[in-house]
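Single-structure report; data block below.
In listed order, ligands and their atoms are each counted from 1.
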Amino acid sequence: MQKVGLFRSIHLKFVLINVMLILIAMQIIGFYFAQRLEDTLKENFTTSIIDRMNLAEFSVREEMLKDVDEPSLSTRLRTVLSSVTSDDISEIRVVDTKYTILATSAMENGSMVGQRFPDDLVRKSIMSESPDDAIYLDSMKRIWILVTPIISENKVIGAIYVKSNIEKVYEQIEEINQILAGGVAVSLTITIIIGIFIAQTMTRPISDMRRQAQTMAKGDFSRKVRVYGNDEIGQLAIAFNHLTNQLQESQSTTESERRKLASVLENMTDGVIATDRKGRVSLINDSALAMLRLTRDLVLNRPITSILSVEQEYAFEDLIQLKESIALDFSTDEQPAILRANFSVTQRETGFVNGLIVVLHDNTEQEKIDMERREFVSNVSHELRTPLTTMRSYLEALADGAWQDKEIAPSFLHVTQTETERMIRLVNDLLKLSRMDSEDYDLNLEWVEFNDFFDSIIDRFEFSKSQDVKFNRLLSNEDFFVEIDTDKMTQVIDNIISNAMKYSPDGGEICFSVTQSDDQIQVMISDEGMGIPKANVKRIFERFYRADRARSRALGGTGLGLAIAREMIMAHGGDIWAESEEGKGTTIYFTLPIEHQEEGEWD
Ligand code: ATP
Ligand code: MG
């Protein structure tokens with residue numbers, strides 16, 4: 001915040017206002033006072049002169065009317081005049097009606113006696129028979145001239161001319177004015193000093209509040225404004241402190257709300273993206289970043305349409321209008337990813353669009369399940385239709401008369417019988433799988449020594465084998481005790497061994513081994529048959545998957561054997577996988593957990 005300049009500050013304004021007010025008051029008082037003083041002093045002065053003048057006029061008239069020769073009139077008059085002269089009267093003259101000076105109080109003007117003195121005022125006064133006065137400047141000094149006619153029995157017999165020193169009165173006024181000006185100066189100085197202090201008491205809390213507002217803007221609410229008193233500024237300071245508290249409270253509420261929202265967003269499994277009103281991403285949570293496989297700095301401030309890779313289909317305005325959710329395919333070769341995006345617009349009451357909120361839901365699993373289900377249904381229908389069509393054509397041939405042919409009829413009936421068996425097997429397999437899917441089956445677990453168990457199954461195959469295939473058992477002498485459902489495990493191993501034989505038409509060697517690693521045993525069954533193309537090795541555990549459909553069907557396979565085996569191994573807590581090379585042979589591995597035998601446990 002900028003600093004307030006001295007000439008704009010309340011401080012200076014306050015002092016100036018004070019000084020101006022005092023100055024104006026002093027001016028008015030001074031003017032009135034000086035005027036009155038001047039009037040009073042002048043009046044005092046003139047009355048004192050007039051009083052003495054009247055006295056002089058009386059004495060002079062007496063002397064003029066006396067009929068005495070010795071001493072002469074001028075001497076007598078001078079005596080009278082000298083008795084009335086004082087400091088303020090510089091000279092008194094007595095003039096007869098012919099304007100001849102009869103006497104003067106001033107010694108130095110003694111020579112003027114007998115001379116004519118036709119002064120204007122004297123003349124006017126004698127003529128009008130009334131006193132007259134005027135102020136003159138005499139060598140820069142004001143003098144007051146007063147002329148009074150001497151009247152005896154209604155006849156003017158002369159006049160008294162008084163020259164008084166009124167300058168003294170003005171000097172006195174001047175002196176008093178100076179004292180007054182000095183007083184004004186002193187009182188102004190005191191006013192300024194007091195004004196500065198008073199102004200400070202007002203501006204200090206205001207500056208305090210200004211500083212407080214500055215620190216508040218920086219997010220620090222710990223400071224409080226000092227309250228100096230209970231006046232309006234004190235009240236303002238209290239209100240300001242209250243406001244600070246309120247602000248702090250509401251800020252902490254907003255902050256905690258923000259944190260709550262952030263933690264909700266971060267812990268959501270659904271992805272959330274928010275944009276500004278131009279469609280640029282302003283917020284995105286970790287789930288959304290993981291779903292889109294992007295980093296935050298790559299996403300922020302970029303257009304939402306490009307982030308969702310829909311810029312070809314939709315503009316930002318279209319997304320705002322969008323009512324339904326849309327599916328987004330972010331699958332890569334390694335990883336399928338189907339997302340469902342829901343859009344909602346954040347709007348003001350006026351309808352002004354503030355932005356868009358996109359909620360992303362990972363639909364990959366759902367989509368995968370849906371796809372598998374569709375595929376499964378189509379596979380099942382296909383697998384059932386094939387034997388049914390075969391049977392229908394044979395049955396038609398029989399109905400058309402082939403039943404009478406003793407040669408053909410039995411073989412035709414045999415075909416329909418094997419096809420029926422195949423269908424029964426298929427349906428049984430499907431039932432098995434569906435039971436395992438619904439997980440409402442129990443394993444009949446029992447403790448068996450795996451080597452013995454495995455050996456007896458291999459024996460069974462060795463006795464009944466029709467192919468020229470060699471069995472190679474690499475079983476260890478160690479005992480491996482496992483807890484298994486023997487029926488189900490027999491089915492698993494049967495399938496793997498019969499596969500090995502089925503897909504090794506040219507014989508070769510089938511190897512069996514059991515090894516132990518950590519807390520599980522690993523069972524291996526390898527053949528030297530036709531193998532499986534590398535890309536499809538993993539797929540042989542899928543339902544209905546067959547690497548070579550025609551051949552496998554000819555061999556009576558449904559493609560469910562390994563799928564069932566996998567489910568069963570999983571149910572036992574193990575794992576199953578395959579390694580294969582086309583033309584060289586296939587190896588199937590599976591693991592089963594074993595119980596470690598503590599030494600001496602069976603002693
Ligand atoms: P079913 O076992 O239901 O009678 P199937 O043998 O065809 O039919 P699976 O046992 O699930 O089905 O095997 C799936 C596919 O995997 C087979 O069709 C075959 O193509 C391939 N396969 C399995 N084992 C071998 C193997 N040892 N050598 C070569 N291919 C194999
Ligand atoms: Mg099989």
Side-chain angles (χ1 to χ4, degrees), residues 372 375-376 379-387 390 418-437 454 457-458 460-462 464-472 487-513 523-571 575-590:
E372 276 170 10
E375 201 178 0
F376 182 75
N379 275 332
V380 171
S381 350
H382 182 80
E383 293 302 325
L384 284 174
R385 199 181 55 195
T386 318
T390 318
T418 46
E419 287 300 315
T420 315
E421 274 161 14
R422 212 170 106 87
M423 269 167 55
I424 291 171
R425 214 169 51 239
L426 179 75
V427 171
N428 278 338
D429 280 353
L430 282 173
L431 276 175
K432 251 186 248 168
L433 272 173
S434 101
R435 229 177 283 136
M436 280 190 280
D437 282 347
F454 196 24
I457 299 174
I458 303 167
R460 183 157 45 81
F461 274 93
E462 191 145 40
S464 61
K465 73 177 178 194
S466 53
Q467 276 164 275
D468 177 25
V469 51
K470 235 178 87 195
F471 280 13
N472 185 6
D487 277 353
K488 301 221 159 68
M489 199 49 67
T490 309
Q491 281 175 38
V492 172
I493 297 168
D494 272 4
N495 185 285
I496 298 173
I497 300 177
S498 65
N499 278 352
M501 291 169 70
K502 245 193 316 194
Y503 303 113
S504 305
D506 308 328
E509 189 180 73
I510 298 180
C511 255
F512 307 92
S513 88
V523 183
M524 181 210 82
I525 298 161
S526 71
D527 64 58
E528 293 177 339
M530 59 177 67
I532 308 154
K534 211 164 206 107
N536 300 335
V537 176
K538 273 201 182 128
R539 299 196 59 194
I540 60 175
F541 299 100
E542 288 174 15
R543 295 173 186 192
F544 295 111
Y545 178 80
R546 282 164 302 194
D548 181 348
R549 258 168 202 271
R551 178 195 289 264
S552 146
R553 186 170 295 120
L555 295 168
T558 59
L560 289 174
L562 283 178
I564 294 169
R566 193 178 71 146
E567 294 291 338
M568 286 177 171
I569 292 288
M570 298 293 225
D575 195 8
I576 185 165
W577 68 98
E579 281 171 12
S580 183
E581 206 174 320
E582 227 180 337
K584 289 247 175 88
T586 306
T587 311
I588 305 285
Y589 297 92
F590 67 85

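Looking at Tyr545, Tyr503, Phe541, Phe544, it is Tyr503 that brings a heavy atom closest to atom 17 (C) of ligand 1. Between atom 18 (O) of ligand 1 and the options Arg546, Met530, Arg566, the minimum heavy-atom separation is to Arg546. One option in Asn495, Ile588, Thr558, Thr586 has a heavy atom closer to atom 3 (O) of ligand 1 than any other, and that option is Thr558. Counting only non-hydrogen atoms, the option in Ile497, Ile540, Asn499 that gets closest to atom 21 (C) of ligand 1 is Ile540. The closest heavy-atom contact to atom 12 (O) of ligand 1, among the options Gly559, Ser504, Ser526, comes from Gly559.
Residue Ala500 approaches ligand 1 through these ligand atoms, each under 4.0 Å from one of its heavy atoms: 27 (N). Counting the atoms of ligand 1 from 1 in the order shown, those under 4.0 Å from a heavy atom of Lys502 are 4 (O), 5 (P), 6 (O), 8 (O).
Under 2.8 Å from the Mg ion (ligand 2), one finds the following protein N/O/S atoms: Asn499 OD1.
The backbone N or O of Val492 lies less than 3.5 Å from no partner atom in the side chain of Lys488, so there is not a single donor-acceptor pair. Put simply, the side chain of Ser498 gets close to the backbone of Asn495: a donor and an acceptor are under 3.5 Å apart. Side-chain atoms of Gln491 do not come within 3.5 Å of backbone N or O of Gly561 as any donor-acceptor pair.
Contact detail for Gly531 and Thr586: the closest heavy-atom pair is CA-OG1, 3.3 Å.
Side-chain contact check for Tyr545 and Asn536: at least one donor-acceptor pair (N or O, by modelled atom type) lies under 3.5 Å.
A salt bridge is absent between Glu528 and Lys470: the closest approach of a Lys/Arg side-chain nitrogen to an acidic carboxylate oxygen does not fall below 4.0 angstrom. Ionic pairing of Asp494 and Arg460 is present here: one or more N-O contacts between side-chain nitrogen and carboxylate oxygen are shorter than 4.0 angstrom. Remark: Glu567 engages Arg543 in a salt bridge, criterion side-chain N to carboxylate O under 4.0 Å.
An N or O contact shorter than 3.5 Å links Gly561 to ligand 1 by distance. Considering backbone and side-chain N/O atoms, Ile532 never comes within less than 3.5 Å of an N/O atom of ligand 1.
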task = Check the pair Phe471 / Phe512 against ring-ring contact (aromatic ring centres under 6.0 Å, His included), numbers first and verdict last.
result = CA-CA 8 Å; Phe471 280 13; Phe512 307 92; 5.3 Å; yes

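The CE atom of Met501 lies 8.5 Å from the CD1 atom of Ile497; values are rounded to the nearest 0.5 Å.
For Ile496, no heavy-atom contact with ligand 1 is shorter than 4.0 Å.
Checking each of Asn428, Leu384, Thr418 against Met423 for a side chain to side chain contact (heavy atoms under 4.5 Å, CB included) leaves exactly one that passes, namely Leu384.
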